[in-house]
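One structure is given here, and the rest of the page talks about it.
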Amino acid sequence: MTPFDGAAPIRGLARLIVAEREEVPAVADGFALFFFLFASYFMLRPVRETFAIAGGVDNIQWLWTGTFVATLVVVPLYGWVASRMERRRLLPILYSASAVVMAGFSASLALDPDNVWIARAFYVWLSVMNLFVISIAWSLMADMFERDRGHRLFGQIAAGASLGGLAGPLISGLLVGTVGEPGLLLISTALLLTTLVFVRRLLAWRERMGPRSDGPPPPRMSGSVWAGLTLIARSPYLLSISAFVLLLTTATTFLYFEQARIVEATFPDRAQQTQVFAALDVVVQALTIGIQLFFTGRLARRLGVTVLLVAVPAIMMFGFGLLAMAATFPVLAFVMIVRRVGEYALVRPGREMLFAPLDAETKYKAKNAIDTLVYRGGDLISGWVYTGIVAVASLSVVGFAGMAVAGIWALLGFAIGRRHDRGADAPATH
């Protein structure tokens, strides 16, 4: 018999995921990091959405206003921490702080489970924490990999997020009746802390591989609290990405409000609402995993980032048209699934690839400002725009307005993607 070759499975896996042999450990650790991070978040997402409806669909824009105000506090705090702390210590401390807050909410809900203000505070905090910790994780990925590696590997790494997003709501559905919402929060805390193991392993892999071919990042970020916004204001490239994100959030917001309105009307029972949101999450993540594992990286290599940025907004023009003609739950479910699968499998990896050739300060500061402050600012503005449209016009107008937004979103995605695909060097950021 032929002796077992321990390297053979690694070589086979490397071919399967379009990775070099020495890159497989980093892909596996990045995959695991995002699996536990997204499982931690998606366990709580159905509960958050139910809390939003419980507070009144007509009040959701106020929740988003509170989320934006909270983001204004968190972003400067992150800038202050990033300028004073070594990079290898930044993620563990911030993730640990988030875990402490999560445990505090668990205790509060255990003591007073029907308190609507605790529920609202939890909604705001989870919305901010979600963007913040995920953005930092993607900044780490952009820091670990050079441009070519990022193009080849980000899709496979992002599949860990999809698998975690699938496991999270499944765990919630199985355990919420046994441990309740406080118990889910404690389990989610444990999953979040588990990510720190893989952060350490990724940093060790980067050290073993030696400095990046395009230069090592500095150990810590310097500059003022608002350095990220300053970088954005000085760069047409970053301003274009910010506008792309604003259009993304506008389309997403219109769908989110429609989702809350239609689910409330179709499923008046609170438990049913949570089950519906969990089921949507499961379907979305299940469909996304295969696309990310086997198609995202290959599409980016053969057709460029442009196709990743344009496909979803182009499809959403059709989706908003369907909602304008028939705003029913089956139509909503179809459009929401298509939009979210496309965002996770195509748009999000494409957006991360746009930052791969940029310097470390831009990745950590400007990128996080876009992913947090710009993103939540878009939520705030579009939430009140939706409220205004509904107040003065019929609900079908929302669908037609969404079609227009998606069209502009597609055009801008095409322009940014073409610039990125044509440029061999990093775009100027000033």
Side-chain angles (χ1 to χ4, degrees), residues 29-45 48 67-68 70-71 74-75 77-78 81-82 87 90-99 101-102 123-145 150 153-169 188-189 191-196 198-199 202 228 241 244-245 248-249 252 281 284-285 288-289 292 296 340-341 343-356 363-379:
D29 290 333
F31 182 97
L33 189 161
F34 278 97
F35 170 80
F36 286 104
L37 180 61
F38 273 69
S40 173
Y41 166 65
F42 272 88
M43 283 184 61
L44 306 178
R45 181 184 167 103
R48 184 195 68 170
T67 299
F68 178 72
T71 303
V74 172
V75 169
L77 179 60
Y78 169 76
V81 172
R87 175 172 53 89
L90 180 59
L91 266 71
I93 290 180
L94 291 176
Y95 278 28
S96 298
S98 296
V101 174
M102 195 180 300
Y123 181 99
V124 170
W125 176 80
L126 186 64
S127 299
V128 175
M129 186 276 288
N130 163 42
L131 285 180
F132 191 60
V133 300
I134 290 174
S135 178
I136 293 173
W138 273 115
S139 289
L140 177 68
M141 294 301 106
D143 206 18
M144 293 294 101
F145 302 104
L153 304 177
F154 276 178
Q156 288 81 49
I157 290 172
S162 296
L163 188 60
L166 175 63
S188 179
T189 300
L191 295 176
L192 179 62
L193 292 175
T194 302
T195 64
L196 301 183
F198 302 101
V199 171
L202 280 165
I241 296 175
F244 181 87
V245 170
L248 181 155
T249 59
T252 300
D281 285 346
V284 167
Q285 302 307 325
T288 303
I289 291 171
Q292 288 178 324
T296 301
R340 289 172 57 192
V341 169
E343 181 176 352
Y344 297 151
L346 302 177
V347 175
R348 184 76 199 206
R351 281 173 54 202
E352 303 308 326
M353 292 173 190
L354 296 177
F355 289 93
K363 291 171 185 173
Y364 273 86
K365 288 190 174 180
K367 180 182 179 304
N368 279 291
I370 290 173
D371 287 347
T372 55
L373 191 61
V374 173
Y375 197 105
R376 288 311 181 195
D379 284 345

Side-chain heavy-atom pair [X], [Y] within 4.5 angstrom cut-off:
| X | Y | value |
| --- | --- | --- |
| Pro169 | Met43 | no |
| Tyr375 | Leu248 | yes |
| Phe34 | Ile157 | yes |

Query - Check against side-chain contact (heavy atoms from CB on, under 4.5 Å), Arg45 and Asp281 - result: CA-CA 9 Å; Arg45 181 184 167 103; Asp281 285 346; 3.4 Å; yes
Determine yes or no for a side-chain-to-main-chain donor-acceptor pair under 3.5 angstrom, with [X] supplying the side chain and [Y] the backbone.
| X | Y | value |
| --- | --- | --- |
| Ser40 | Phe36 | no |
| Arg376 | Ser127 | yes |
| Tyr95 | Val133 | yes |
| Thr195 | Leu191 | no |

Looking only at non-hydrogen atoms, find the nearest pair between [X] and [Y] and report the distance.
| X | Y | answer |
| --- | --- | --- |
| Gly378 | Thr249 | CA-OG1, 3.4 Å |
| Ala70 | Val128 | CB-CG2, 3.9 Å |
| Leu193 | Ala99 | CD2-CB, 3.7 Å |
| Pro92 | Leu196 | CA-CD2, 3.5 Å |

Report task. Would you sort out whether Ile241 and Phe355 count as a side-chain contact (heavy atoms from CB on, under 4.5 Å), showing the intermediate values? Result -> CA-CA 10 Å; Ile241 296 175; Phe355 289 93; 4.1 Å; yes
Query - Nearest-0.5 Å distance, CG of residue Leu126 to CZ of residue Arg48 - result: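 If we round to the nearest 0.5 Å, Leu126:CG and Arg48:CZ are 5.5 Å apart.
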Query raised in the report: OH of Tyr41 to CE of Met129: how many Å apart, nearest 0.5 Å?
Result: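 Rounded to the nearest 0.5 Å, the OH-CE separation comes out at 8.0 Å.
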Query raised in the report: Which class fits the ring pair Phe42 and Phe38: parallel under 30°, tilted 30 to 60°, perpendicular over 60°?
Result: parallel
**Report entry** side-chain contact (heavy atoms from CB on, under 4.5 Å) between Leu373 and Phe68, intermediate numbers included
**Finding:** CA-CA 7 Å; Leu373 191 61; Phe68 178 72; 4.0 Å; yes
Requested in this report: Take Thr252 and Glu343 through the side-chain contact (heavy atoms from CB on, under 4.5 Å) test and state the conclusion after the steps.
Outcome: CA-CA 10 Å; Thr252 300; Glu343 181 176 352; 4.3 Å; yes
